[in-house]
Amino acid sequence: MNTNRRKRLSARIDPSLLAHIPPFSKLSTEQIGEILDHAVSRRYEPGVTIFEEGEYADRFYMLLDGYIRVVRISPQGERVIALHIPSGQLFGIAEAFGRDTYPAAAVTATEAVALSWATEFWSEFVVKYDGFATETYKVVGHRLEEMGTRVLELATQQVEQRVASALSRLINQVGHKVDRGIEINFPITRQDLSEITGTTSHTVSRMLSAWEKQGIIASKRKQITVLDSAQLTLLCEAN
DNA sequence: ACATTAATTATGT
DNA sequence: ACATAATTAATGT
């Protein structure tokens with residue numbers, strides 16, 4: 001398999017790449033330079049596990065390109081996709097939760113490029129760089145909030161509403177506009193959707209087929225386009 | 001209202 | 001040609 005083509009290339013990363021993303025946006029060019037000096041850049045193939053749940057959290061990451069999934073394994077051994085993370089966000093930040101192990105696995109949904117730092121630098125970053133802490137905890141807050149509402153959905157709503165909600169979130173967070181509608185930016189299978197919503201791929205398949213006939217979505221293999229987002233939002237609240 | 005099973009077909013390398 | 005993804009129907013809880 002494709003093994004460690006790890007590169008150290010702090011010098012090759014353009015500081016302006018980080019300058020506009022929230023945790024670093026308030027920092028000077030020199031400060032960003034310092035940060036990059038300690039960073040390791042790495043490219044990942046799609047479907048690769050960056051770190052496992054429960055693993056000792058020796059590094060934290062900033063996703064520069066691509067998408068990653070945050071995946072947990074239930075006690076029954078079932079995969080649950082908790083979250084999708086787009087580029088420009090930190091992940092694997094166990095330190096922010098006061099943990100020393102990762103609470104979930106990170107798997108690439110696409111090809112991806114990420115910077116990473118040894119966790120020793122976390123506390124240093126927090127005290128040394130103004131705005132780093134506040135901005136990252138803002139992101140952490142949003143994620144916790146989202147996972148909270150998802151847990152609520154799982155408990156209360158029916159399957160159709162859950163996959164409709166999941167689709168809505170996906171096109172909002174990781175969707176991109178095309179001529180016919182909005183499509184999800186990375187390959188996604190019915191199996192993936194079922195792991196987001198806690199169903200089976202068959203049930204998802206039947207629903208997507210039905211929605212496709214109604215003209216709400218269009219789909220190919222590993223690819224979904226939402227044509228009528230208004231109708232989709234209606235499905236989220238259907239009784 | 002949904003999962004499970006199984007059989008069948010479609011699609012990408 | 002092969003593996004993986006998607007569909008569909010039938011049956012079960």
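Being a predicted model, the structure only gives us computed values, none of them experimental. First the proteins, then the strands, lettered A, B, ... as listed; each starts at 1. In what follows, every heavy atom counts, from backbone to side chain, and hydrogens, waters and symmetry copies are set aside.
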A.B. asks: Students often get this wrong, so: under 4.0 angstrom with heavy atoms, is A:Thr200 touching a base, only sugar-phosphate, or nothing?
C.D. replies: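 Touches a base.
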A.B. asks: Answer yes if the side chains of A:Tyr56 and A:Asp100 hold a donor-acceptor pair under 3.5 Å, and no otherwise.
C.D. replies: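 Distance-only check fails for A:Tyr56 and A:Asp100.
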A.B. asks: Figure out the CD/C1' separation between A:Gln223 and C:dA6, and round it to whole Å.
C.D. replies: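 That distance rounds to 14 Å.
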A.B. asks: With a 3.5 Å cut-off and no angle check, do the side chains of A:Glu153 and A:Gln161 form a donor-acceptor pair?
C.D. replies: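 Short answer, no.
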A.B. asks: For side chain to side chain donor-acceptor pair (under 3.5 Å), just list the numbers for A:Thr203 and A:Thr200, CA-CA rounded to whole Å, side-chain angles, deciding distance to a tenth of an Å, and then say yes or no.
C.D. replies: CA-CA 5 Å; A:Thr203 304; A:Thr200 63; 3.0 Å; yes
A.B. asks: Under 3.5 Å, is there a donor on one side chain and an acceptor on the other for A:Arg190 and A:Ser219?
C.D. replies: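 On atom types as modelled, these side chains qualify, holding a pair under 3.5 Å.
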A.B. asks: Counting side-chain heavy atoms from C-beta on, which of B:dT11, B:dA1, B:dT4 comes nearest to A:His202?
C.D. replies: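 Nearest nucleotide to the side chain: B:dT4.
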A.B. asks: Can you tell me the distance, in whole Å, between the CD1 atom of A:Ile188 and the C1' atom of C:dT4?
C.D. replies: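 Rounded to the whole Å, the gap is 16 Å.
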A.B. asks: Figure out the CG/C1' separation between A:Leu154 and B:dC2, and round it to whole Å.
C.D. replies: 14 Å
A.B. asks: Is A:Ser201 touching bases, backbone alone, or none of the nucleic acid, heavy atoms closer than 4.0 Å?
C.D. replies: nothing
A.B. asks: Tell me if the side-chain of A:Arg190 makes a donor-acceptor pair with the base of C:dT7, cut-off 3.5 Å, by modelled atom types.
C.D. replies: no
A.B. asks: Can you find a side chain N or O atom of A:Ser205 that sits less than 4.0 Å from OP1 or OP2 on C:dT7?
C.D. replies: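 Yes, within the criterion.
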A.B. asks: Specify the separation, in whole Å, of atom CG of A:Asp192 and atom P of C:dT4.
C.D. replies: 15 Å
A.B. asks: Check the distance between B:dC2's C1' and A:Met207's CE and give it to me in whole angstrom.
C.D. replies: 9 Å
A.B. asks: Does A:Phe60 form a ring pair (Phe, Tyr, Trp, His ring centres under 6.0 Å) with A:Phe121? I'd like the steps, not just the answer.
C.D. replies: CA-CA 9 Å; A:Phe60 65 96; A:Phe121 291 114; 8.1 Å; no
A.B. asks: Taking atom P of C:dT8 as reference, at what distance in whole Å does atom CZ of A:Arg206 sit?
C.D. replies: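 Rounded to the whole Å, the gap is 10 Å.
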A.B. asks: Among the nucleotides B:dT11, C:dT8, B:dC2, which one has an atom lying closest to any side-chain atom of A:Arg221?
C.D. replies: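 The closest nucleotide is B:dT11.
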A.B. asks: Return the value, rounded to whole Å, for the distance between atom NZ of A:Lys220 and atom C1' of C:dA6.
C.D. replies: 15 Å
A.B. asks: Take atom CG of A:Leu208 and atom P of C:dA6, then tell me their distance rounded to the nearest Å.
C.D. replies: 9 Å
